[in-house]
Amino acid sequence: MTVRVVLADDQPLVRSGLRVIMADHPDLEVVGEAATGAEAVRLVSDIGPDVVVMDIRMPGMDGIEATRLITAGPATTRVLVLTTFDEDDHVYGALRAGASGFVVKDMALDDILAAIRVVAAGDALIAPGVTRRLIADFVGRPAAARERSPRPVGGITEREREVLTLVGRGRSNTEIAEDLFITVATAKSHVSRLLNKLGARDRVQLVITAYETGLVTLPP
């Protein structure tokens with residue numbers, strides 16, 4: 001299966017670099033390029049790509065608003081945000097807007113391609129080194145500042161609560177299976193049920209829910 005990708009970045013050099021390296025990977029296909037958020041939204045509407053690799057800072061409509069419009073629409077397109085370490089405030093906005101992943105621009109291109117595949121497969125990904133700081137600061141902000149919308153967790157089973165806690169700690173399905181002495185398929189099934197019960201779009205939102213509800217807390 002080929003993953004159809006739209007590259008949204010106002011820097012032609014960034015788009016060109018990704019397009020060139022993706023040309024050597026037959027499972028990835030660039031089907032469109034956008035220099036603004038508005039162009040990215042239009043391309044999603046016109047061609048329905050699997051993934052948009054979205055820059056945050058773009059002229060006119062920025063990547064956060066574009067992400068919000070894309071994830072709120074009928075398309076199943078998922079958004080992988082390109083960020084830098086000095087753009088945390090923007091990343092929080094993209095998280096609220098429904099982005100499924102975050103990668104840092106100075107990561108190796110092969111790692112960015114791997115992230116595209118992860119997001120296209122329906123999972124979520126936050127670049128190593130961003131995760132802890134991103135989640136810690138996001139959940140530590142006053143509700144008004146981060147527009148928090150806590151999800152109730154009363155409707156989940158005790159086992160699902162254990163799984164949600166492990167997801168919040170960054171465990172993969174394989175690691176969850178090992179921790180709880182269950183199969184990977186069972187772990188994946190629990191995560192799927194949590195997504196449905198909590199109305200979460202993806203694993204990133206489950207992580208946020210785990211922190212917001214106190215199932216996972218940050219060490220001093």
> Of Met54, Lys105, Glu33, which meets side chain to side chain contact (heavy atoms under 4.5 Å, CB included) against Asp9?
Replying inline: Lys105
> What's the verdict on side-chain contact (heavy atoms from CB on, under 4.5 Å) for Val5 and Glu29, showing C-alpha distance, side-chain angles and the deciding distance?
Replying inline: CA-CA 6 Å; Val5 181; Glu29 178 187 6; over 6 Å; no
Could you tell me whether the side chain of [Y] reaches within less than 4.5 Å of the side chain of [X], counting heavy atoms only?
X: Ile116; Y: Asp50; value: no
X: Asp10; Y: Thr36; value: no
X: Glu160; Y: Lys197; value: yes
X: Asp55; Y: Val81; value: no
X: Val6; Y: Val31; value: yes
X: Glu162; Y: Leu180; value: yes
X: Val163; Y: Arg193; value: no
X: His25; Y: Arg117; value: yes

>> Please determine whether side-chain hydrogen bond (donor to acceptor under 3.5 Å, both in side chains) holds for the pair Ser192 and Ser189, giving the CA-CA distance in whole Å, both sets of side-chain angles, and the decisive distance to 0.1 Å.
In response: CA-CA 5 Å; Ser192 295; Ser189 177; over 6 Å; no
> Are Asp62 and Arg57 close enough for a salt bridge, meaning some N to O gap below 4.0 Å?
Replying inline: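 Salt bridge between Asp62 and Arg57, a charged N being under 4.0 Å from a carboxylate O: no.
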> Does the distance from a Lys or Arg side-chain N to an Asp or Glu carboxylate O, for Arg42 and Glu39, drop under 4.0 Å?
Replying inline: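 Salt bridge: no.
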>> I need the minimum non-hydrogen distance between Leu43 and Pro49, along with the two atoms involved.
In response: O-CD, 4.1 Å
>> Taking Thr209's backbone N and O only, do any of them form a donor-acceptor pair with Thr213's side chain (distance below 3.5 Å, no angle check)?
In response: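 Flag set: sc Thr213 to bb Thr209 pair under 3.5 Å.
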> Can you list the steps and then say if Thr186 with Thr183 is a side-chain contact (heavy atoms from CB on, under 4.5 Å)?
Replying inline: CA-CA 5 Å; Thr186 300; Thr183 66; 2.8 Å; yes
